[in-house]
Amino acid sequence: MKRKWLTVGIILLLILLAGTPITGRPHNRDDVIPPVTTISFNPPEPDGENGWYVNNVTVTLNATDNESGVNITKYRIKGESWKIYTEPFTLTEDGNNILIEYSSIDAVGNTEPVKNETIDIDRTKPVIALNYTWEKFGNNYLIHITAVCSDATSGMAKV
């Protein structure tokens, strides 16, 4: 009886060592090529002037692996902690050179080198303050108008 259980145990161990993943899909042990991940934005091009996005930007990551298949895709924004990518995400915060890093790992553990893109988003309108003073010269008035303009993210292109 002990010999039967030993035989069953050895068979189970060999099955586990054969590399059959939980998905039931066999791994190609000859796979040495990491996945390839691409990034795309919506809108696809900046919708403001001078390369700036002025609306929210949806980010989509697409990973492919022709051998063992993609196991996981991860990303991070501005050096924060890594997140597992499951669906497109939306960037809503203003920023100059917002860093998006991403990478995928295939089913046998080949890891794609980390790739990155930067994006500029400025959804906040500039602030314009008008100040004036006036002086009376006889029957006429001289009005001095001063405009103070600022934009915290992309700066002022023109006034």
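Small disclaimer: the values here were computed from a predicted structure and weren't measured.
- The ring-ring contact (aromatic ring centres under 6.0 Å, His included) pairs that include a residue from residues 95-133 number zero, where partners must be two or more places apart or lie in different chains.
- Of the possible donor and acceptor atoms, none in the side chain of D106 sits under 3.5 Å from a partner among the backbone N and O of P34.
- Two residues are said to be in side-chain contact when any heavy atoms from C-beta on lie closer than 4.5 Å; V59 and L91 meet this criterion.
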Let me have the donor-acceptor pairs involving side chains of residues 145-155, under 3.5 Å, with sequence neighbours excluded, atom names and distances please.
residue: D151; atom: OD1; partner: T153; partner atom: N; Å: 3.1
residue: D151; atom: OD1; partner: S154; partner atom: N; Å: 2.9
residue: D151; atom: OD1; partner: S154; partner atom: OG; Å: 3.3
residue: D151; atom: OD1; partner: G155; partner atom: N; Å: 3.3
residue: S154; atom: OG; partner: D122; partner atom: OD2; Å: 2.5

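- Listed by chain and residue number, D94 satisfy the side chain to side chain donor-acceptor pair (under 3.5 Å) test with T124 (two or more places apart in sequence, or in another chain).
- Residues satisfying the side-chain contact (heavy atoms from CB on, under 4.5 Å) test with T38, not counting sequence neighbours, are N62.
- With sequence neighbours left out, Y75 forms a ring-ring contact (aromatic ring centres under 6.0 Å, His included) with F89.
- Under the 4.5 Å side-chain heavy-atom criterion for grouping Ile, Leu, Val, Met, Phe, Trp and Tyr, L61 is not connected to I84 through any hydrophobic cluster.
- In this structure, the side chains of N110 and I33 stay at 4.5 Å or more apart for every pair of heavy atoms.
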Which atom pairs, donor and acceptor, lie under 3.5 Å between side-chain atoms of residues 134-144 and protein residues at least two apart or in another chain?
residue: E135; atom: OE2; partner: H144; partner atom: NE2; Å: 3.2

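- In this structure, V108 is not a member of the same hydrophobic cluster as I105, with clusters built from ILVMFWY side-chain heavy atoms closer than 4.5 Å.
- Shortest non-hydrogen contact noted between A63 and T73 is CB-OG1, 3.4 Å.
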Using distance only, find each side-chain donor-acceptor pair of residues 112-120 under 3.5 Å and give its atom names and separation, not counting sequence neighbours.
residue: E112; atom: OE1; partner: T37; partner atom: OG1; Å: 2.6
residue: E112; atom: OE1; partner: S104; partner atom: N; Å: 3.0
residue: E112; atom: OE2; partner: T37; partner atom: N; Å: 2.8
residue: E112; atom: OE2; partner: K115; partner atom: NZ; Å: 3.1
residue: K115; atom: NZ; partner: T37; partner atom: O; Å: 2.7
residue: D120; atom: OD1; partner: N97; partner atom: N; Å: 2.5

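- Under a hydrophobic clustering in which Ile, Leu, Val, Met, Phe, Trp and Tyr are joined whenever their side-chain heavy atoms come within less than 4.5 Å, directly or via other members, I98 and Y85 fall into the same cluster.
- Judged as a salt bridge (charged side-chain N to carboxylate O under 4.0 Å, His left out), the pairs with a partner in residues 75-87 (not counting sequence neighbours) are, in order, R76-E101, K78-E93.
- Side-chain contact check for D31 versus D65: some heavy-atom pair is nearer than 4.5 Å.
- In the hydrophobic clustering of this structure, I39 groups with V57; members are Ile, Leu, Val, Met, Phe, Trp, Tyr whose side-chain heavy atoms approach within less than 4.5 Å, directly or through other members.
- Nearest heavy atoms, T58 versus P88: CG2-CB, 3.8 Å.
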Per-pair distances, 0.1 Å, donor-acceptor, side chain in residues 49-56, under 3.5 Å, sequence neighbours excluded:
residue: Y53; atom: OH; partner: P43; partner atom: O; Å: 3.4
residue: N55; atom: ND2; partner: D47; partner atom: OD2; Å: 2.7
residue: N56; atom: OD1; partner: R123; partner atom: NE; Å: 2.9

